[in-house]
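Before we start, here is the structure in question, set down as structure tokens.
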Amino acid sequence: MSRLARAVPALALTGAGALVAVACSGPASGPAVPSPSGAAAGHCRQLAGALPQRVNGQERVPASPTSPYTAVWGDPGIALRCGVDRPELLTPGSEHYNPTADAVVVNDVEWLLERREDGYRFTTIGREAFVEVTVPTAYAPEVNALPELAGPLRRSVPAER
């Protein structure tokens, strides 16, 4: 249904380009906390324990509020939210429904991609819980934040049956 753009394998391996050290004096302002239920909540808690300390060269920082459903790396923050609602682009009947929206596959995880004013929002497709990652333009190409999340995601949030 969606047009798939395959990530270039070399791109998936180039997360080390132009690293910047960031010192944080306190908790980062975190993303809005989703409220998954049932199996999705369990998958998200499992993902929380499997997330890497670094994403795209950025260290994980404390998010406020603290939640097993969110994580942040760097400043500006690369933010992950697990257990979010189905994206409007993929929801029949919604104002923005688009079954042919652009997607990218990175290390066997399919992501819906949405361009935003300040970067990209990537949301998993075809998993038992929706996981959203927002990546600011400071980390362009923004897709480079996804390879380090793919392994933990595949192990924690099963593909839909």
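Quick caveat: nothing in here was measured; it's all calculated off a predicted structure.
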query: Hey, quick one: are Val131 and Leu113 part of the same hydrophobic cluster, counting side-chain heavy atoms closer than 4.5 Å, chains of contacts allowed?
result: yes

field: Whether Arg154 side chain and Asn107 backbone form a donor-acceptor pair below 3.5 Å
entry: yes

- prompt: Within the side chain of Ser156, is there an N or O that forms a donor-acceptor pair under 3.5 Å with the backbone of Leu153?
  reply: no

- prompt: Looking at Thr137 and Arg115, what are the two nearest heavy atoms and their distance?
  reply: CG2-NH1, 3.9 Å

task: State plainly whether one hydrophobic cluster holds both Tyr69 and Leu149, where clusters connect Ile, Leu, Val, Met, Phe, Trp and Tyr through side-chain heavy atoms under 4.5 angstrom apart.
output: no

field: Spacing of Leu89 atom CG and Thr91 atom OG1 [to the nearest 0.5 Å]
entry: 8.5 Å

- prompt: Judged by atom type as modelled, is there a donor-acceptor pair below 3.5 Å linking the side chain of Ser94 to the main-chain atoms of Glu88?
  reply: yes

message: Are Pro99 and Leu90 packed together at the side-chain level, in the sense that at least one heavy-atom pair is separated by less than 4.5 angstrom?
response: no

field: Taking every non-hydrogen atom, the tightest pair across Leu112 and Ile125
entry: N-CD1, 3.3 Å

- request: Find the distance between CD (Glu142) and CZ (Arg116) and round it off to the nearest 0.5 Å.
  value: 11.0 Å

- prompt: Below 4.5 Å, heavy atoms only, C-beta onward: do Val135 and Phe122 meet side chain to side chain?
  reply: yes

query: Is there a side-chain contact between Glu128 and Arg161, using heavy atoms and a 4.5 Å cut-off?
result: yes

task: Answer yes or no: is there a donor N or O on one side and an acceptor on the other, between the side chain of Arg60 and the main chain of Val72, under 3.5 Å?
output: no

task: Before accepting this row, confirm whether a basic side-chain N of the pair Arg127/Glu110 lies closer than 4.0 Å to the acidic partner's carboxylate O.
output: no

- prompt: Is it true that a side-chain atom of Glu132 and a backbone atom of Val84 form a donor plus acceptor pair closer than 3.5 Å?
  reply: no

Sidechain-backbone polar pair: Trp73 side chain, Pro52 backbone, donor-acceptor under 3.5 Å: yes

query: So if you build clusters from Ile, Leu, Val, Met, Phe, Trp, Tyr with side-chain heavy-atom gaps below 4.5 Å, do Val105 and Phe130 land together?
result: no

query: Any donor-acceptor pair under 3.5 Å linking the side chain of Tyr120 with the backbone of Val133?
result: no

task: Taking all heavy atoms of Pro65 and all of Thr70, pick out the closest pair and write down the distance.
output: O-OG1, 4.1 Å

query: Say you draw a straight line from CG of Leu47 to CG of Leu80; how long is it, rounded to the nearest 0.5 Å?
result: 6.0 Å

query: Of all heavy-atom pairs between Cys44 and Pro36, which one has the smallest distance, and what is that distance?
result: SG-CG, 4.3 Å

- request: Considering non-hydrogen atoms only, spot the tightest contact between Tyr139 and Asp75 and give its length.
  value: OH-N, 3.5 Å

task: Calculate, to the nearest 0.5 Å, the distance between atoms OG1 and CH2 belonging to Thr124 and Trp111 respectively.
output: 6.0 Å

message: Give me the atom names and distance for the closest heavy-atom approach of Ile78 to Gln58.
response: CD1-CG, 4.2 Å

query: If we only count heavy atoms from C-beta on, is the Pro158 to His43 side-chain gap below 4.5 Å?
result: yes

